[in-house]
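Everything on this sheet refers to the single structure shown next.
We're numbering straight along the sequence, starting at 1. Computed from a prediction, not measured in an experiment: that's the story for all the values here. Basis for what follows: all heavy atoms, side chains included, without hydrogens, waters or symmetry-related copies.
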Amino acid sequence: MSTPSVRDLDRVAGVLSSWQVDAGPLHLHPGDLGWHSSRGAVQTAASLRAWSRAGRILAIGLLDGPDGLLRMALDPDLRDEDALCRQLAADVTDPVRGVLEEGDAVVEARGAERFSQLLSEEGWQPDEPWTPLHRDLSGGVDDERVRGAGVRIEIIDASRVDPWASVHRSAFKGTPFGDEERRALRQRWLTMAGGPFYHRARSLAAFDFDDNAVAVTTVWSAGPGRPGLVEPMGVHRDHRGRGYGAAISVAAATALREMGSSSVAVCAESSNAAAVATYVAAGFTAREPVADLHRAWRGRG
């Protein structure tokens with residue numbers, strides 16, 4: 001196990017891209033690293049763990065946020081290898097190993113059944129379920145949802161960050177958006193856009209007839225012929241219930257198809273029925289819910 005350096009980030013993203021397949025699980029995606037990189041490339045590298053054998057990366061983990069969340073992906077050819085999964089479980093479970101600190105923690109390891117089984121044997125319990133959603137792009141994308149919602153879609157660049165930031169803040173925080181918060185979120189977007197992953201991405205905003213920014217998204221490619229990712233997507237709280245979420249999701253699918261993606265994927269909390277319904281309305285198909293694994297820390301006694 002190692003912690004990659006900034007110069008390793010492109011290689012790590014390339015490996016993660018090669019592990020994305022349409023019929024496979026929605027596990028850690030290079031777009032997740034891209035969204036995380038709004039914190040900076042140095043912090044993103046420090047948040048990664050890579051398990052290798054003879055120079056070949058076998059598993060990648062991202063420590064995503066301050067709440068003990070580890071998001072994992074394993075090489076599909078070795079996902080059920082017992083020796084690898086036992087090493088991963090040992091490293092993840094023991095705080096001394098330098099992955100998860102003492103305290104409550106959550107591991108997201110979709111599709112890694114043997115690894116998840118070993119964690120369960122150590123007392124980890126299923127957490128809240130998430131619903132993966134997927135839309136095939138081989139047949140093209142009908143933009144009727146965009147036309148029907150009466151919005152225009154624009155690509156966001158450094159000169160148009162503020163509308164994107166305002167909608168994102170409203171969608172996920174819902175609190176007054178002061179100058180300090182605006183500057184901070186604007187800088188995070190600029191850091192992400194200037195980082196090592198954004199050449200794989202495109203940010204979009206939907207504007208209504210009155211030129212209000214009403215919905216935003218960023219999409220991430222894993223390369224031609226592989227599934228792309230929506231991360232994030234949000235609708236301004238003052239403009240919900242008008243089909244804007246479905247419209248921007250269709251626009252996200254269109255953008256990824258233009259970037260060569262074979263499909264588009266996203267994962268929503270199963271308890272968020274409105275989000276799941278929005279993606280379904282945009283032509284996504286909901287797959288069987290999946291649960292992360294949660295550790296309630298009781299110390300060593």
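- Residues Arg295 and Asp104 are not paired through a salt bridge, judged by the lack of any N-O separation under 4.0 Å between the basic side chain and the carboxylate.
- Panel note: side chain Asp8, backbone Ser5; a donor-acceptor pair is recorded below 3.5 Å.
- Ionic pairing of Arg79 and Glu113 is not present here: no N-O contact between side-chain nitrogen and carboxylate oxygen is shorter than 4.0 angstrom.
- A salt bridge does not link Arg183 with Glu181: none of the charged nitrogens is closer than 4.0 Å to a carboxylate oxygen.
- In the model, Asp32 has no side-chain atom that pairs as donor or acceptor with a side-chain atom of Trp220 under 3.5 Å.
- Between Asp208 and Arg242 there is no salt bridge, since no side-chain N of the basic residue sits under 4.0 Å from a carboxylate O of the acidic one.
- Side-chain contact, Gln43 with His36: a donor N or O sits under 3.5 Å from an acceptor N or O.
- Between the side chains of Arg200 and Ser17, a donor-acceptor pair is found at a separation under 3.5 Å.
- Using modelled atom types, one finds no donor on one side chain facing an acceptor on the other under 3.5 Å when comparing Thr44 with Ser37.
- With hydrogens and angles left out, the side-chain atoms of Thr254 and Glu258 include no donor and acceptor closer than 3.5 Å.
- Of the N and O atoms on the side chains of Asp22 and Ser263, at least one donor lies less than 3.5 Å from an acceptor on the other residue.
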Assess whether side-chain hydrogen bond (donor to acceptor under 3.5 Å, both in side chains) is satisfied between Thr131 and Ser270, documenting all intermediate values. CA-CA 5 Å; Thr131 298; Ser270 299; 2.7 Å; yes
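- Classification of Asp64 and Arg71 as a salt-bridged pair holds, one side-chain N sitting under 4.0 Å from a carboxylate O.
- For Tyr198 and Ser203, the side-chain atoms include at least one donor-acceptor pair closer than 3.5 Å.
- A donor-acceptor pair shorter than 3.5 Å can be found between the side chains of Ser166 and Arg182.
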